[in-house]
Protein chains: 2
Amino acid sequence: MTEATERPSRQVTRQPSMADVARTAGVSAQTVSRALRDSPNVTPETKKRVLAAVEQLGYRFNNAARVLSSGRSHTIGLVLLQSGGYYSRSAVTAGVEAAAGEAGYAVSIATIASLDTGLMERSLSKLADQGVEGIIIAVPLISVTRKMEDITRDIPTVTLDGSRTASARALGIDQKEAGRLATQHLLDLGHRQVWHVSGPDEWIEARRRREGWQECLAAAGIAAPPPLEGDWSPDSGYLQGQILARIPDVTAVFAASDEMAFGLIRALREHGRKVPDDVSIVSVDDIALAAYCCPPLTTVRQDFYRSSAAAVALLLTGDDAGAAEVVVPASLAVRDSTAPPRSH
Amino acid sequence: MTEATERPSRQVTRQPSMADVARTAGVSAQTVSRALRDSPNVTPETKKRVLAAVEQLGYRFNNAARVLSSGRSHTIGLVLLQSGGYYSRSAVTAGVEAAAGEAGYAVSIATIASLDTGLMERSLSKLADQGVEGIIIAVPLISVTRKMEDITRDIPTVTLDGSRTASARALGIDQKEAGRLATQHLLDLGHRQVWHVSGPDEWIEARRRREGWQECLAAAGIAAPPPLEGDWSPDSGYLQGQILARIPDVTAVFAASDEMAFGLIRALREHGRKVPDDVSIVSVDDIALAAYCCPPLTTVRQDFYRSSAAAVALLLTGDDAGAAEVVVPASLAVRDSTAPPRSH
DNA sequence: GTTACGTATGTCATCGATAACATAAGCTCA
DNA sequence: TGAGCTTATGTTATCGATGACATACGTAAC
């Protein structure tokens, strides 16, 4: 009968609060607070009593109250695009969450359905309303509005492979290098021309990879053919492949994603063009299935997990206040979808 | 010079609060609160003044304060497993987030690195500490601890294709039916025996699919061969394929995931067994690349997005208090990896 | 013409933890 | 031994929005 029975009719059994713990442990609420946050000036004895009381009452601290009084939410926001490579989205989410969790931060996600500035504004508002202490924008590209800048003015922001606002720092995998690596590999094999199936033009990754391809060709004194545009999906790769298959002197293609390469290869084969005998293919991503394509794909590997973790670090440490542009390198995995051109 | 200059040295420029808005609009804070929440009893005129003041000051409401005073966080938690099919994880995240957003809820995610009850307890604690109003557990299977039940006692929980605690409701795609569909398709083609490469035994999806396979064979009066166990990855499919390829009378295999089917097919081909001429393959998932496998995969389609959205609905409406087990059906997509057995 | 009620708005206490300040005890050293 | 410091703990005000209750005004009804 340690319970006070003088409460007439509290309809809902309230969660125990710090005051309840304090009463049970016979100390003040402040001492409980200190004990639970490992403040230096608490007797081990007192701390033990507090912890026992916590255990006994099943106390959980109230996050809202903590946030309100301390002004810190210990939460960061993550903005993602719903469409487009689910592989990278998944890896980014995992990477951000792991790195944030490591640092004691929770992650609140906001997915936007399409590359629309209005949606983006609303997502940022939502996150800002939640009191996030930082935002990671993993959205490929979007024109930045004044309203967006208003919202993110007071909140540190890091952009992961996308556009950047005045206040945001950017970080990403070196996509131009990825395009260069892929193209150079094909040139090194002896190909005289490299075609390109790109991602959607509004994706900055797509643009950068295209630039890398163009620059690499230019450096070799080759005039780049017009790029064909896909939407990252295998279906779009198949579509563009049906065009490329009809152009006789195509011997090498750089596809901007593994998935498009899968479609591309099928289209080529259906038109009697063998990979890599007749046409060599290099793509980007190195998804798990890349090694199980027919033939296994030569592809540029991207470490999304690592770059996302780096984004969190950049956001939280915030050392590099000067709008730094950090870059994570990409590397080439050579398999069987590339070969020297047939001698003619 | 509308700014009051009488503040001597406020080091940090504080975010405007409701009181500030009230002062600017010439009303009370409570009226501001009502105006912003579309309470019925506010004059359009007053509301306009309030909104103007909000705009002018760039006011954003403080979520922590709102949560603290109203006791509602409007946030739900999502627990995911970091390893295993990134496709489903991505689809689940998107589905949950979309459905939750629709209902005005934010989503806080917690990823656990492995199927470990300790990690699970910590994740649930983290979410509970954040004050989530509901939790969706999208983790395949884990033995439920007393501590976990303690944590989730006061929080509604829905399990998505995983284990369930006493208090949790479960919902998922009908995995047993998926296994049955796949197996029956092979039997219908005339195969006399169907082998199975399953997912990891600790995944409930894997178990259910295996059960569907077993029951279907049993119904046809066939003794099921021992199942081979993979880990969902194409690599593991390749490994098990090397075993199956050495067994001469294997003519039909049910693989528990598309990715494993990719590996399996490669292994079979490397041993001179053609798909579907010598061996038919059916798998589960219908990922975007399934149609671009060589040959295109016959597979059981799963709508993760839909089932996750349903989970949110179940969690939020909470109609079905009686520990319901809701099930979303699966369907078969027939392509070219299956054929009648070679007549001998 | 007073009673009764509905509508618009204001006042005050409250949610739970914490920062800032206050106090009490114990210890050191001149 | 008492000034001065350190350490452990208590007290009080505060964060910002909201629920409950209070008030003021208008209008309809008897």
Side-chain angles (χ1 to χ4, degrees), chain A residues 7 9-51 53-54 57-75 128-131 133 154, chain B residues 10-51 53-54 57-75 128-131 133 154:
Chain A
R7 284 185 205 153
S9 65
R10 239 331 178 350
Q11 61 249 52
V12 196
T13 46
R14 197 174 45 85
Q15 290 277 76
S17 79
M18 211 168 241
D20 299 323
V21 175
R23 212 169 306 124
T24 306
V27 296
S28 75
Q30 184 60 230
T31 300
V32 174
S33 171
R34 279 194 275 255
L36 292 181
R37 280 180 303 158
D38 294 316
S39 249
N41 299 338
V42 177
T43 314
E45 160 62 20
T46 308
K47 187 163 172 180
K48 219 174 86 192
R49 277 224 312 287
V50 169
L51 290 180
V54 165
L57 297 178
Y59 166 77
R60 319 199 64 75
F61 74 80
N62 180 316
N63 191 247
R66 171 173 284 189
V67 171
L68 180 59
S69 76
S70 71
R72 314 254 348 236
S73 69
H74 279 280
T75 299
D129 286 345
Q130 285 172 58
E133 290 181 35
D154 315 306
Chain B
R10 245 308 180 11
Q11 60 248 52
V12 196
T13 48
R14 194 175 47 86
Q15 290 278 75
S17 79
M18 211 168 241
D20 299 323
V21 175
R23 212 169 306 123
T24 307
V27 295
S28 75
Q30 184 60 233
T31 302
V32 174
S33 172
R34 279 193 274 254
L36 292 180
R37 281 180 302 157
D38 294 316
S39 250
N41 300 338
V42 178
T43 313
E45 160 62 20
T46 308
K47 188 164 172 181
K48 219 174 87 192
R49 277 223 312 286
V50 169
L51 291 179
V54 165
L57 298 177
Y59 166 77
R60 320 199 63 76
F61 74 80
N62 181 315
N63 192 247
R66 173 173 284 189
V67 171
L68 179 58
S69 79
S70 72
R72 313 249 354 229
S73 69
H74 279 281
T75 299
D129 286 346
Q130 284 173 59
E133 290 180 35
D154 315 305

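In the text below, chain A, chain B and the rest are named by the order of the sequence lines, each starting its count at 1. Scope of the values below: all heavy atoms of this structure, side chains included, with no hydrogens, waters or symmetry mates.
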*Indicate yes or no for a side-chain donor-acceptor contact from S28(A) to the backbone of T31(A) under 3.5 Å, with no hydrogens or angles considered.*
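Between the backbone of T31(A) and the side chain of S28(A) there is a qualifying donor-acceptor contact (under 3.5 Å).
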
[X]: what forms a side-chain hydrogen bond (donor to acceptor under 3.5 Å, both in side chains) with it, not counting sequence neighbours?
{"X": "R37(A)", "value": "S33(A)"}
{"X": "T24(B)", "value": "none"}
{"X": "S70(B)", "value": "none"}

Rounded to whole Å, how long is the line connecting atom [atom1] of [X] with atom [atom2] of [N]?
{"X": "L57(B)", "N": "dG16(D)", "atom1": "CG", "atom2": "P", "result": "14 Å"}
{"X": "R49(A)", "N": "dA8(D)", "atom1": "CZ", "atom2": "P", "result": "14 Å"}
{"X": "L36(B)", "N": "dT18(D)", "atom1": "CG", "atom2": "P", "result": "8 Å"}
{"X": "K47(B)", "N": "dT9(C)", "atom1": "NZ", "atom2": "C1'", "result": "16 Å"}

Can you name the side chain to side chain contact (heavy atoms under 4.5 Å, CB included) partners of [X], sequence neighbours left out?
{"X": "A128(B)", "value": "R60(A), I151(B), I155(B)"}
{"X": "L51(B)", "value": "L36(B), K47(B)"}
{"X": "S69(B)", "value": "none"}

If you take all heavy atoms of [X] and [Y], which pair is closest and at what distance?
{"X": "G58(A)", "Y": "P16(A)", "answer": "O-CG, 4.0 Å"}
{"X": "E133(A)", "Y": "H74(A)", "answer": "OE2-N, 2.5 Å"}
{"X": "G131(B)", "Y": "S73(B)", "answer": "O-OG, 2.6 Å"}
{"X": "V50(B)", "Y": "A25(B)", "answer": "CA-CB, 4.1 Å"}

*On a plain distance test, is the side chain of R60(A) in donor-acceptor contact with the base of dG16(C) below 3.5 Å?*
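No pair found.
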
*Is there a donor N/O on one and an acceptor N/O on the other, under 3.5 Å, for the side chain of R34(B) and the base of dG19(D)?*
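In this structure, the two groups form no donor-acceptor pair.
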
*asked:* Going by the rule salt bridge (Lys or Arg N to Asp or Glu O under 4.0 Å), which residues pair with R49(A) if we only count those two or more places apart in sequence or in a different chain?
replied: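 Testing R49(A) for salt bridge (Lys or Arg N to Asp or Glu O under 4.0 Å), a comparison that skips the adjacent residues, returns E45(A).
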
Show the atom names and distances, to 0.1 Å, of all donor-acceptor pairs under 3.5 Å that link a side chain in residues 61-68 of chain B to residues at least two apart or in another chain.
unit_1: N62(B); atom_1: OD1; unit_2: A64(B); atom_2: N; d: 2.9
unit_1: N62(B); atom_1: OD1; unit_2: A65(B); atom_2: N; d: 2.9

*Terminal axis angle for the helix from dG1(C)-dC30(D) to dA30(C)-dT1(D), five pairs an end, nearest 10 degrees*: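 One end axis against the other gives 40°.
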
Output one line per pair: protein atom, nucleotide atom from nucleotides 4-7 of chain D, and distance, for all N/O pairs under 3.5 Å.
none

*Which listed nucleotide (dA8(D), dA17(C), dA17(D)) is nearest to the side chain of Y59(A)?*
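Within the option list, the nearest is dA17(C).
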
*Would you say dG19(D) has OP1 or OP2 under 4.0 Å from some side-chain N or O of R37(B)?*
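Yes.
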
*Neighbours of DNA chain D within residues 23-33 of chain B, by heavy-atom distance under 4.0 Å*: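 Q30(B), S33(B), in order of number.
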
*Residues from residues 62-75 of chain A sitting under 4.0 Å of DNA chain D, heavy atoms only?*
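Residues of residues 62-75 of chain A under 4.0 Å from DNA chain D: L68(A), S69(A).
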
